[in-house]
*Asks:* 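One structure, pasted below without further comment.
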Amino acid sequence: MALNVPGLIATLLFYALVLAIGIWASVKSKRDRGQSQAQHSDMALLGDRKISLLVGIFTTTATWVGGTFIIGTAETVYDPGQGLIWAVMPLAATVAFVLGGLFFAEPMRDRKYVTMMDPFQSKYGDILCGLLSVGPLLSEIIWVTSTLISLGVTMSVILDLSYGVCIWISATVAITYTLLGGLYSVAYTDIIQLTLIFVTSWLCVPFLLMSPATVDITTTSFNHTFQPPWVGSLTSDKAWKWLDIFLLLSVGDLGFQDFHQRTLSASSSATAKLRCYAAAFLIPTFGIPPVLIGAVAASTDWNQTSYGSPPPFERGQTGLILPLALQHLTPPFVSVVGIGAVAAAVMSSTDSALLSSASIFSSNIYKRILRPKASEKELCWVIRGSVVLFGLAGTSLTFLHTGVMAFWVLGGEIAYILMFPQLVCVLFIHFSNGYGAAGGFVAGLLVRLLCGEPLLGLPPVFRFPGCVLEDGVYVQYSPFRSICMLVVFVTILLVSFLTALMFDKELLPERWDVFHVKTTPKHPDSRQGAPQTTPQSAPQSAPQTAPEDEATQPMLESTC
């Protein structure tokens with residue numbers, strides 16, 4: 001197959017359009033900042049909290065409708081071992097945004113936080129917050145990797161262009177416009193990207209359904225035709241695994257900075273909640289086209305196409321099913337349109353992950369730990385440098401060329417296991433403290449690693465019921481991720497309660513209390529129920545104001 005020149009031209013035109021909108025948004029950002037006298041960091045990270053409701057709904061929805069969302073959904077529906085019932089991402093996102101709107105948007109926005117790590121900083125201090133920030137930073141970098149892989153495989157299949165070239169061109173465009181305009185560029189480019197995703201993905205569907213090599217998808221939904229039914233099945237031995245994945249992709253989303261950056265940039269808590277509810281309604285509608293693409297691919301006799309036999313899943317190319325379907329089941333110009341949908345989806349998620357990682361690093365690590373006295377200009381350059389640094393880090397990981405869903409799940413595990421229970425505790429459980437947070441983080445990381453991770457080549461030490469050996473790899477069919485999350489939650493509560501109790505009862509020396517959780521006064525005569533000293537006998541640390549000095553008090557106050 002030769003280089004698809006028309007497709008390459010169309011892709012470059014799309015990138016030029018996105019870059020132009022990003023540049024325009026950066027100019028608008030500078031103009032609005034000059035009018036409102038807002039600091040550059042506030043404008044770059046949160047748009048000075050003046051992103052309108054409509055634009056906010058677009059950018060919130062576009063952040064979740066990424067390349068992994070589209071390609072991963074099609075891959076799951078087509079996979080003979082899974083099917084539609086396992087394609088939970090659209091429904092999981094709805095649950096995430098409903099929960100976020102009900103419980104998280106209002107308290108976070110009302111307290112005017114800049115990042116999701118700010119409550120940790122307020123309650124536990126700078127150092128521990130900086131250490132905990134490693135978790136969300138890693139999840140954002142992995143998200144960048146996942147989205148870029150989805151675009152790289154699509155463009156390399158349809159355009160016959162080098163996988164590496166496709167990824168680096170896309171990453172360069174996303175880094176550039178995010179660098180220029182911050183949240184303004186991200187939000188306004190999301191409008192055109194989300195529109196392109198909707199239009200182009202639906203344009204491809206009729207051509208796929210009418211392909212002569214494809215039979216009626218309603219026939220293959222419950223009947224074994226070319227492969228098992230694409231609806232899939234859920235047996236009792238896999239029910240816990242399904243629940244585990246659903247919780248990971250729903251509740252776990254609340255542990256991503258991307259989610260909270262959208263609510264924190266709203267003008268009010270009411271607007272933040274409306275964004276969540278609107279996104280919860282809109283996101284599933286963008287999941288319909290990839291579901292249909294996966295169903296069509298499962299209903300196709302691939303021997304009648306230019307792809308030939310055996311089918312993709314027998315060649316180990318299940319993860320490429322969306323670009324393969326576009327290339328072999330539609331006319332060339334339609335496959336080019338399909339690239340536009342994937343490219344737009346990738347851009348809309350990649351830029352969000354880049355800005356989220358830069359937000360956490362600049363606000364919670366650099367400004368509070370490394371350089372507390374950093375000027376606004378210096379912080380501006382740190383934000384820009386962070387976008388480039390984390391963009392390069394995420395792009396570099398794409399050389400692993402593993403499945404799209406593998407990276408998506410790995411990043412989601414960090415958010416679900418390590419960050420979600422921490423966020424719940426710091427916001428809603430008043431007695432949680434720094435000792436509990438540190439203990440929970442270490443316990444969660446340790447237990448998760450001992451559960452094994454095929455992507456990292458780690459065999460499981462903890463083999464829960466239902467752990468079986470398949471093709472030389474141990475597969476856990478128990479909800480081990482949710483178990484790890486509960487371990488973190490219980491550890492935070494237990495360690496917080498015990499440490500506070502031990503310091504209060506003076507079972508541990510007060511000098512060891514680095515997080516200052518001791519609540520009772522040190523001296524016995526100051527405790528509740530102890531006899532109180534009279535004002536006359538109390539030692540005076542400063543002279544009391546005599547009645548005759550009351551006339552001088554206004555003068556003293558004005559001097560202060």
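Computed over heavy atoms, backbone and side chain alike; hydrogens, waters and symmetry mates excluded. FYI, the numbering just counts along the sequence from 1. Since the model is a prediction, treat every value here as computed from it, not as a measurement.
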*Asks:* If you take all heavy atoms of P119 and M108, which pair is closest and at what distance?
*Replies:*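 Residues P119 and M108, closest heavy atoms: CG-SD, 4.3 Å.
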*Asks:* Is there a ring pair (Phe, Tyr, Trp, His ring centres under 6.0 Å) between F97 and Y277 once you walk through the steps?
*Replies:* CA-CA 6 Å; F97 278 97; Y277 299 143; 9.9 Å; no
*Asks:* For W240, does the CH2 atom have more than 12 heavy-atom neighbours from other residues, nucleotides or ligands under 6.0 Å away?
*Replies:*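 For W240, atom CH2 is not crowded (no more than 12 foreign heavy atoms under 6.0 Å).
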*Asks:* About how many Å separate CG of L183 and CG of L355, when rounded to the nearest 0.5 Å?
*Replies:*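 Separation between the atoms: 6.0 Å.
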*Asks:* Taking the cut-offs as 6.0 angstrom to the six-membered ring centre and 45 degrees off its axis, would you call K238 and Y477 a cation-pi pair?
*Replies:*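 No, K238 does not lie over the aromatic ring of Y477.
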*Asks:* If every non-hydrogen atom of S233 is compared with every non-hydrogen atom of W86, which pair is closest and at what distance?
*Replies:*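 Closest pair (atom of S233, atom of W86, distance): O-NE1, 3.2 Å.
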*Asks:* List the steps and the verdict of ring pair (Phe, Tyr, Trp, His ring centres under 6.0 Å) for Y188 and W24.
*Replies:* CA-CA 9 Å; Y188 282 99; W24 170 82; 5.3 Å; yes
*Asks:* Closest heavy-atom contact between V153 and S156?
*Replies:*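 That would be O-OG, 3.0 Å.
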*Asks:* Assess the side chains of D258 and W143: does a donor N or O sit below 3.5 Å from an acceptor N or O?
*Replies:*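 There is no such pair between these side chains.
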*Asks:* Heavy-atom count check: over 12 atoms from other residues, nucleotides or ligands less than 6.0 Å from F428 CZ?
*Replies:*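 Correct, the count exceeds 12.
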*Asks:* For a quick test of reading the model, state the closest non-hydrogen atom pair linking T145 to G394 and the distance between them.
*Replies:*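 It is OG1-O, 2.7 Å.
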*Asks:* Applying side-chain hydrogen bond (donor to acceptor under 3.5 Å, both in side chains), run through R275 and T61 and close with a yes or a no.
*Replies:* CA-CA 9 Å; R275 288 185 184 184; T61 305; over 6 Å; no
*Asks:* Check whether NZ of the Lys or CZ of the Arg R315 lies under 6.0 Å from the centre of the six-membered ring of Y307 and within 45 degrees of that ring's axis.
*Replies:*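 That pair qualifies as a cation-pi contact.
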*Asks:* Do other residues, nucleotides or ligands put more than 12 heavy atoms under 6.0 Å from the CZ atom of F226?
*Replies:*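 Counting neighbours around CZ of F226, more than 12 heavy atoms of other residues, nucleotides or ligands fall under 6.0 Å, so yes.
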*Asks:* At their closest point, which heavy atom of V336 faces which heavy atom of A10, and how far apart are they?
*Replies:*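 Smallest interatomic distance, heavy atoms only, reads CG1-CB, 3.5 Å.
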